[in-house]
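We use all heavy atoms of the structure for the numbers below, so side chains are in, but hydrogens, waters and symmetry mates are not.
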Amino acid sequence: MNRTFLALAFLLAPITSIAQNNQDFLFGEDALGLIHNVHLSVNDRVTGGCWTNIESIKQKTRLTLEQSGISVYLEPLSTTFPLAANISIEAFGDRTSYSTCYGSLSISVVSSANRNFRGVTLITEGRYFHRNYVAIGNSLNEQFSEASETAINELSATIISKRRNELVKELITLYGEILTATPETMSEMFERLDLERN
């Protein structure tokens, strides 16, 4: 954990310095340009047998990101944005009594953010990317496949294009070794700290 905090401190301290010296700030979508490693998770809350091609969507997503030079991990990572990003694919849905399926699919890049107020830590979620789709039909498979492909293609293109942002380029030049390093997984962190997972 100390290694993670040190890496974050080294990475984030210069961001503040650069921003103050140049009066530049790196906002939301521009920060996606720093991403080189992601944890991909799929949360299936669809019932009624309406969504059955989850593995296919996961593999297609992984392939698209890897082809764009973004390393994908299926196990949770101990590091946080921007050293690693969490890409979440989350689906909700069900089948009606008339045998019609309905549901929604969201694809997000999220990170936790916190502020301290008089000794109380306020925790929220920062979204760097979010797309939401709705679907209805005999099955949600084809619509969810098309929606996830559209969103992941857009996300991959955005990450690559945002690497042309001047501040992002400067940070990658200075800290590319940290940003592209193989991230530590949660399992590796627990093993290193000799802790048991619940």
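For the pair Ser78 and Met189, the tightest heavy-atom approach, listed with the atom from each and the gap, is CB-SD, 3.6 Å. The shortest heavy-atom contact between Ala147 and Ile107 is O-CD1, 4.5 Å. Taking both residues in full, the closest heavy atoms of Val168 and Asp30 are given as CG2-O, 3.4 Å, listed atom of the first, atom of the second, then distance. The shortest heavy-atom contact between Leu167 and Phe25 is CD2-C, 4.2 Å. The two residues Leu77 and Ala84 make their nearest non-hydrogen contact at CD1-CB, 3.6 Å.
Considering only residues two or more places apart in sequence or on other chains, Glu125 meets the salt bridge (charged side-chain N to carboxylate O under 4.0 Å, His left out) condition with Arg127. Judged as a side chain to side chain contact (heavy atoms under 4.5 Å, CB included), and not counting sequence neighbours, the contacts of Ala91 are Val46, Trp51, Leu105, Phe144. With sequence neighbours left out, the salt bridge (charged side-chain N to carboxylate O under 4.0 Å, His left out) criterion links Glu154 to Arg131. Every residue was checked against the side-chain hydrogen bond (donor to acceptor under 3.5 Å, both in side chains) condition with Glu29, not counting sequence neighbours, and none meets it. Applying the side chain to side chain contact (heavy atoms under 4.5 Å, CB included) criterion to Ser41, with sequence neighbours excluded, gives His39, Ser88. With sequence neighbours excluded, no residue forms a salt bridge (charged side-chain N to carboxylate O under 4.0 Å, His left out) with Glu142. In terms of the side chain to side chain contact (heavy atoms under 4.5 Å, CB included) criterion, residue partners of Ser68 (sequence neighbours excluded) are, by chain and number, Ile70, Ser156, Ile160. Taking Ser71 as the reference, Asn37, Tyr73 meet the side chain to side chain contact (heavy atoms under 4.5 Å, CB included) condition, with sequence neighbours excluded.
With side-chain heavy atoms closer than 4.5 Å counting as contact, directly or through intermediates, Val110 stands alone and belongs to no larger hydrophobic cluster.
Asn138 and Ser99 share no side-chain donor-acceptor pair at under 3.5 Å.
Of the possible donor and acceptor atoms, one in the side chain of Gln143 sits under 3.5 Å from a partner among the backbone N and O of Ile136. With Thr100 contributing its side chain and Thr96 its backbone, the two residues share no donor-acceptor pair below 3.5 Å.
Rounded to the nearest 0.5 angstrom, Leu179 CG and Thr79 OG1 are separated by 10.5 Å. Put simply, CG on Leu140 and SG on Cys50 are 5.0 Å apart, with the number rounded to the nearest 0.5 Å. Separation of atoms CD1 (Ile178) and CG (Leu34) is listed at 12.0 Å; rounding is to 0.5 Å. Here CG of Asn86 is found 9.0 Å from OG1 of Thr80. Values are rounded to the nearest 0.5 Å. Put simply, CD1 on Ile159 and CD1 on Ile35 are 4.5 Å apart, with the number rounded to the nearest 0.5 Å.
Within a 6.0 Å radius of CG in Asn132, more than 12 heavy atoms belonging to other residues, nucleotides or ligands are found.
Ile123 is listed as a side-chain neighbour of Thr121, based on a closest heavy-atom distance under 4.5 Å. Side-chain contact between Asn43 and Ile89: absent, with no pair of heavy atoms (C-beta onward) separated by less than 4.5 Å. Arg163 places a side-chain heavy atom less than 4.5 Å from the side chain of His36.
Partner Asn53 forms a side-chain hydrogen bond (donor to acceptor under 3.5 Å, both in side chains) with one of Ser148, Ser139, Ser145 and no other, that one being Ser145.
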Show me, pair by pair, the donor-acceptor contacts under 3.5 angstrom made by side chains of residues 56-66, not counting sequence neighbours?
unit_1: Thr61; atom_1: OG1; unit_2: Ile57; atom_2: O; d: 2.8
unit_1: Thr64; atom_1: OG1; unit_2: Lys60; atom_2: O; d: 3.0
unit_1: Glu66; atom_1: OE2; unit_2: Val72; atom_2: N; d: 3.0

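Among residue pairs with one or both ends in residues 84-132, those qualifying as ring pair (Phe, Tyr, Trp, His ring centres under 6.0 Å) are Phe81-Tyr128; sequence neighbours excluded. Evaluation of the salt bridge (charged side-chain N to carboxylate O under 4.0 Å, His left out) test over residues 91-108, restricted to residues two or more places apart or in two chains, returns none.
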What verdict does the side chain to side chain donor-acceptor pair (under 3.5 Å) test give for Ser187 and Glu75, after you've listed the backbone C-alpha separation in whole Å, the side-chain angles of each residue and the deciding distance to 0.1 Å? CA-CA 8 Å; Ser187 294; Glu75 184 178 350; 2.4 Å; yes
From CA spacing to verdict: side chain to side chain donor-acceptor pair (under 3.5 Å), Asn141, Thr52: CA-CA 6 Å; Asn141 286 347; Thr52 60; 2.7 Å; yes
